[in-house]
Amino acid sequence: MGAIHEKYLRMDKLPHIWCPGCGNGIIMSSFIRAIEKLGYEKDEVAAVSGIGCSGRITGYMDFNTLHTTHGRALVFATGIKMANPGLKVFVFMGDGDAAAIGGNHLIHSCRRNIDITAIIFNNHIYGMTGGQFSPTTFRNKYATTAPYGTTDPDFDLVNLCIGAGASYVARSTSYHAKMLTDLFVAGALHKGFAVIEVITHCPVNFGRRNEFDTPADMLRWQKDHAVRTAKADMVPMEEMEGKFVIGELIKKEKPEYVEEYDRLIETVRKGDAHRE
Ligand code: SF4
Ligand code: MG
């Protein structure tokens, strides 16, 4: 572990509880590098997480941290940002957390465009609770709740967030760790709601049931199925079947929620507001 990690981690909370070979440590490491690049002071950063293996990240990092309830991390984060807009607010969620119980909060955060960076650890399974299938588990994959394979189609989180109005949406994988750092930096600098989906690996509760012998096999799968945005347009549609695009997928300017809200308060204070 390098000095950069010692600077940002709560060393007294280690060792972590993540299984050997899990992708979560790669994502945390990429995030720490992003904060170092951004040059944020530790006290300027608020890190909020939900429930699940990914949710444990806020226990290990030495920022203002909040480990909240299942699916509600964005709600706590919204309150933090509204109360203290100067904070750089980051939210960490798993796929079940973000797209199932917290799906409602995710789409409305996208619609509002509040200046928060949401990082979704998508390992296509409920890891911590023992391997139940989640909204992002691919069809015909095995889970403790789908011993004969799933029949549900999976959610495409990127398209969901773009459709809900997010002004910044990107995707990468735990294999593409350097790109992850770059996207975390770009998401943090973007004014508005930024979603970064990380396709990651749970070797214990997804991999073992779905014919991945080792964590390295899962990383190889990510490498072989990810297509960078610059290349995606050149790849014939039939070759994109089963693959996914990584990089920045949408980036646009929209009014930011806290600024709009503050503007309204100021207008009312001055007595200029129109009321029916
Ligand atoms: Fe990682 Fe899966 Fe273990 Fe959770 S259960 S720590 S996601 S490998
Ligand atoms: Mg998960």
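For ligands, and for the atoms within them, numbers begin at 1 and follow the listed sequence.
- At a heavy-atom cutoff of 4.0 Å, ligand 1 is contacted by no atom of I17, backbone or side chain.
- Between R33 and E36 there is no salt bridge, since no side-chain N of the basic residue sits under 4.0 Å from a carboxylate O of the acidic one.
- Using a 4.0 Å cut-off between a side-chain N of Lys or Arg and a carboxylate O of Asp or Glu, R171 and D156 qualify as a salt bridge.
- When each atom of ligand 1 is checked for a heavy atom of C202 under 4.0 Å away, the hits are 2 (Fe), 5 (S), 7 (S), 8 (S).
- Under a cut-off of 6.0 angstrom, the local environment of OH in Y126 is crowded, with over 12 non-hydrogen atoms contributed by other residues, nucleotides or ligands.
- Around atom CD of E44, more than 12 heavy atoms belonging to other residues, nucleotides or ligands sit under 6.0 Å away.
- Figure legend: R112 and Y257 shown as a cation-pi pair, the cationic atom lying under 6.0 angstrom from the six-membered ring centre and within 45 degrees of its axis.
- The shortest contact between atom 6 (S) of ligand 1 and any protein heavy atom is with C19 N, 3.4 Å.
- Coordination check, C53 versus atom 4 (Fe) of ligand 1: passed, since an N/O/S atom of the residue sits under 2.8 Å.
- In this structure, the protein non-hydrogen atom closest to atom 1 (Fe) of ligand 1 is C22 SG, 2.4 Å.
- Those atoms of ligand 1 with a heavy atom of N205 less than 4.0 angstrom away are 5 (S).
- The contact set between ligand 1 and N123, taken as ligand atoms under 4.0 Å from a residue heavy atom, comprises 7 (S).
- Within a 6.0 Å radius of CZ in F155, other residues, nucleotides and ligands contribute 12 heavy atoms or fewer.
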